[in-house]
Every structure is written in structure tokens, then in C-alpha cells.
Amino acid sequence: MSSSASAATAVLSGLGACRPWQEDFYRHLHQHPELSHQETQTAAAVAHRLRGSGYQVTEGVGGTGVVGILRNGDGPSVLLRADMDALPVQEATGLAYASTAQASVEDAAEAVPVMHACGHDVHVTCLLGAADLLAGHRDAWGGTVVALFQPAEELGDGARRMVEDGLAGLVGSVDVALAQHVLPGVAGTVGTRPGAVLSAADSLRVTVHGRGAHGSMPQAAVDPVVLAAMIVVRLQTVVSRELAPTTPAVLTVGSIRAGTKSNVIGDHAVLELNVRTYDEQTRAAVLDAVRRIVVAECQASGSPAEPDLELFDRFPPTVNDAATTERVRAAFAAHFGELATELPLQSASEDFSDLPTALGVPYTYWGIGGSDPDAYRAAVEAGTVAQDVPVNHSPFFAPVVQPTLDTGTSALVVAALAWLGR
Ligand code: ZN
Ligand code: ZN
């Protein structure tokens, strides 16, 4: 047994004692979700627990972010990250601890429903458990644990705001950053993947300008509806004709708005695009192609003004460091046995990598299964996973409490000890 594996055994001997409060904490958090940048109660509960475990805690980092630091002699410094925010989704799980919470948001007149539909409540609970276990068995390891709880992952700016609020000075020198996400998949499994793991996401708002006129007099108009339609069609060639078949990317036009009435030609159209890519080079190539096509189609239509292109909701690509990932993969294989799996490439996006990128440290990001094992395996057998297994952001997303919490907690401990274990 390696030293880190025996350290994991020692630290995780406390798992049974953590389980009851973790399960209570999880159900409470699930029932009381908070939207991005509104995670005040969550952050207060996190800070309270971290202090109870003996961490030096800083609150209000980048808004509602919380950082707990535990120094335990010489050794590496490992940053463990969880995200805290929930989503404007009306929960439909029917769970006894389902959320009925509502919150107000800036651009909506009425309150919106709130749900932990992405499982960030799992992440928070697991990291609090791991932090507590590591604090309770300090003889088994040496170094520093940085337990970081970030706001607003769903908006893509929570990590960045913590960075801009002086995170580097707060955490000092860090050697590695680790994070996880609960996903559809057999609960109890944990999957790693070197290299690209999550896509970069970029949203674009494109406004093209036409010339309004009566619907019966097209000769007086530059029709923004036709112009927008041409752009939509031409954009379909970016992925299919400009990228290699081995380079994955997605370009979706999710929204198109123009005109008010059948017999009026409007004077502008607004398109909203979403782009997913897995490396910075492809990302730049696709965004350049979008710009080129929009400008050229405006020119082809005789558009009276330059188009406006505005990027928003941007997420960096998540590209796992190979050596870091191998170290975690080996530790997982030793601890979880055949429940340690390979994580497939994900089309979702995350802002986690903004933290290690800003700190200049390598990182890895893994997935844990949250689906009922029997139900998931039955769906795989029947070929109905896509229909039957609720995915993140679905109103039916409901990770089973166990073994999900045990697995996520253990994964953080095992991975951290791959650096800290004595
Ligand atoms: Zn999400
Ligand atoms: Zn998420």
C-alpha cells in the first residue's frame, strides 16, 4: 500500500461519523437553494462548518465566496473547489426535501423558482465533509488544504470574481487545484479524463441592421429577416466545412428575433448564438468564422450599417493536466477499484479552470455518478438513458443521497492525499 493510500484509509475511517451531519446538511441545502451571487445563507453555513473544523476562514471573497485554509506543517498546498449556486428551475423531483424556494432576479418582474438542479449542493456537502475529515486526521498528512467555495458557476463569472478580489494573495502558493461535478451515471463511480474534459462556451449577440419599409414595397427595404436567415444557414457550414471531422464543436443559433407584423419589414434582427469548443485554437477559429460570415452577409444584403457583435456568458475550456490527472486516476484506482472509470468528453462548460489558470497551477476535474445504480443500469440495458435518466439542469435532476455523498467526499480526500499523504 502506498503512503497516500494508507493516509486515505486513516482519514476516511472518519467517514461514518461525518455521514449523518452531511446527509442532514445536504437535504437542508437542497431545500434552500440560492441563485448565483445570492448564496449568502449557503456561504454562512459553509463558513460556520469550516470554522468548526478548525479552518481559518475568509468570507465575502468575490461577493459570496468562502475560502478555508488549514495549515498542517510542511508539504504541498492543495486547493479543493466546490461551487455553491442553484438555478432558476421549478423543481419537479417530488422528493421529500424538494425545493419550493423562490428568488427575485434583476431582469424579471416576478420571483423565479430556485432549484439545485446542477448538484452544486452535492459539491458543497462533499467538500465540507472532506475538509472536516482531513482536519480530524492531521497525523496522516502534511501540507496545506485550501477549501474554496465559489459563487455563480452557472453565470461563468464566480471564479473570476474571486480571482479579481485578491484570491492569489489570500491562498498564497498553491501546488494543484482539484474539482468535481456530479453527473448522470452510476452513483458510486468516479471518472477521470486527461486533456480536454469540458468545452469552452461563448454566447454571442449579433444585431444586424436593415432598412424598414412597407411589406408591399421590398424594393425600398433591406430586409433583416432574409439577412438573418441567410446568416443562420451559412453558419451551419462553420463546423461542417471549416473544421476537421476529428475536431468537435457545436454552433447553435438559439434565438432569432426580428419584425413585429406580417406586412412590415423591420429595420433590424437580433440573433443569439452559442458556441462550444474544446481548445483555444478551435475557439478562436469558430468565433472568427462567425464574425466573417456575419459581416459578409451584411455586405451581401446591402446592410446600411455594420453589424454589432457582443460576446457574453463566456466559459473557458477545461483541459485536465496529464500528469496531475494520472496521479489522481491512480489514487482513485487504488481506492475505488472498478468503480474508478474513464469520464467521457463532456459538452457542458465550467469556470473552475479560471482559478488554477489565474494561480498558475495545474488542475484536474473529475465526475462522480449521481444516478440510482439499478435504474441507471436498467436504462443502459434498455437503451433509454437519454429519455429516462434526468440530466443536470433538468427539473427532475435528483442525485441519490448515497453513495453519492460518500463517493464525492472520498474522492476529494483521496485526490488531495495523492499530494499531501505522508
Ligand atoms: Zn450547471
Ligand atoms: Zn454545475
Side-chain angles (χ1 to χ4, degrees), residues 26 29-30 33-39 42-43 46 62 64-65 80-93 99 101 103 105 112-128 148-162 177-185 187 190-191 193 197-203 250 252 254 274 276 312-318 320 343-356 363-371 389-400 404-405 407-408 411-412:
Y26 171 72
L29 189 52
H30 189 84
E34 295 173 300
L35 291 177
S36 308
H37 296 304
Q38 300 182 8
E39 310 92 335
T42 307
V46 163
T64 55
L80 304 170
R81 171 272 202 179
D83 41 11
M84 300 190 289
D85 55 328
L87 287 158
V89 172
Q90 176 81 59
E91 179 155 357
T93 59
S99 163
V105 286
V112 297
V114 189
M115 174 190 176
H116 266 298
C118 201
H120 298 184
D121 46 356
V122 172
H123 309 164
V124 168
T125 308
C126 291
L127 180 48
L128 283 175
L148 182 148
F149 296 78
Q150 77 155 77
E153 183 283 323
E154 296 292 353
L155 299 184
D157 65 355
R160 201 167 63 234
R161 289 210 200 175
M162 291 187 79
L178 308 170
Q180 63 184 359
H181 208 298
V182 61
L183 300 167
V190 45
R193 177 186 186 84
V197 57
L198 301 172
S199 68
D202 296 283
S203 286
V250 183
T252 294
N274 188 256
R276 306 275 166 151
F312 64 101
D313 284 358
R314 308 192 72 189
F315 292 80
T318 306
N320 281 341
L343 182 68
L345 185 62
Q346 307 285 309
S347 59
S349 305
E350 258 280 357
D351 71 345
F352 158 65
S353 69
D354 281 338
L355 300 167
Y363 65 88
T364 195
Y365 179 93
W366 63 84
I368 60 169
S371 312
V389 179
V391 295
N392 303 66
H393 292 205
S394 149
F396 298 98
F397 186 68
V400 290
T404 309
L405 293 181
T407 305
L412 289 166

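Remember, it's 1-based here, ligands and their atoms both numbered in the order they're listed. Fair warning: this is a prediction, and the values are worked out from it, not measured in the lab. Note that these values count all heavy atoms, side chains included, but never hydrogens, waters or copies made by symmetry.
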message: I'd like to check the ring pair (Phe, Tyr, Trp, His ring centres under 6.0 Å) partners of Phe397; sequence neighbours left out, ordered by chain and number.
response: none
- prompt: Within a strict 4.5 Å, meaning less than it, do heavy atoms of the Pro317 and Leu198 side chains meet?
  reply: no
query: Is any side-chain N of the basic residue among Asp351 and Arg161 closer than 4.0 Å to the acidic one's carboxylate O?
result: no
Partners meeting side-chain contact (heavy atoms from CB on, under 4.5 Å) with Ala348 (sequence neighbours left out): none
task: Using side-chain contact (heavy atoms from CB on, under 4.5 Å) as the criterion, list what pairs up with Ala117, not counting sequence neighbours.
output: Leu87, Val89, Met115
message: Would the distance check show the side chain of Ser349 and the main-chain N or O of Ser199 forming a donor-acceptor pair, the cut-off being under 3.5 Å?
response: yes
- prompt: What's within reach of the Zn ion (ligand 2), meaning protein N/O/S atoms under 2.8 Å?
  reply: Cys118 SG, His120 NE2, His181 NE2
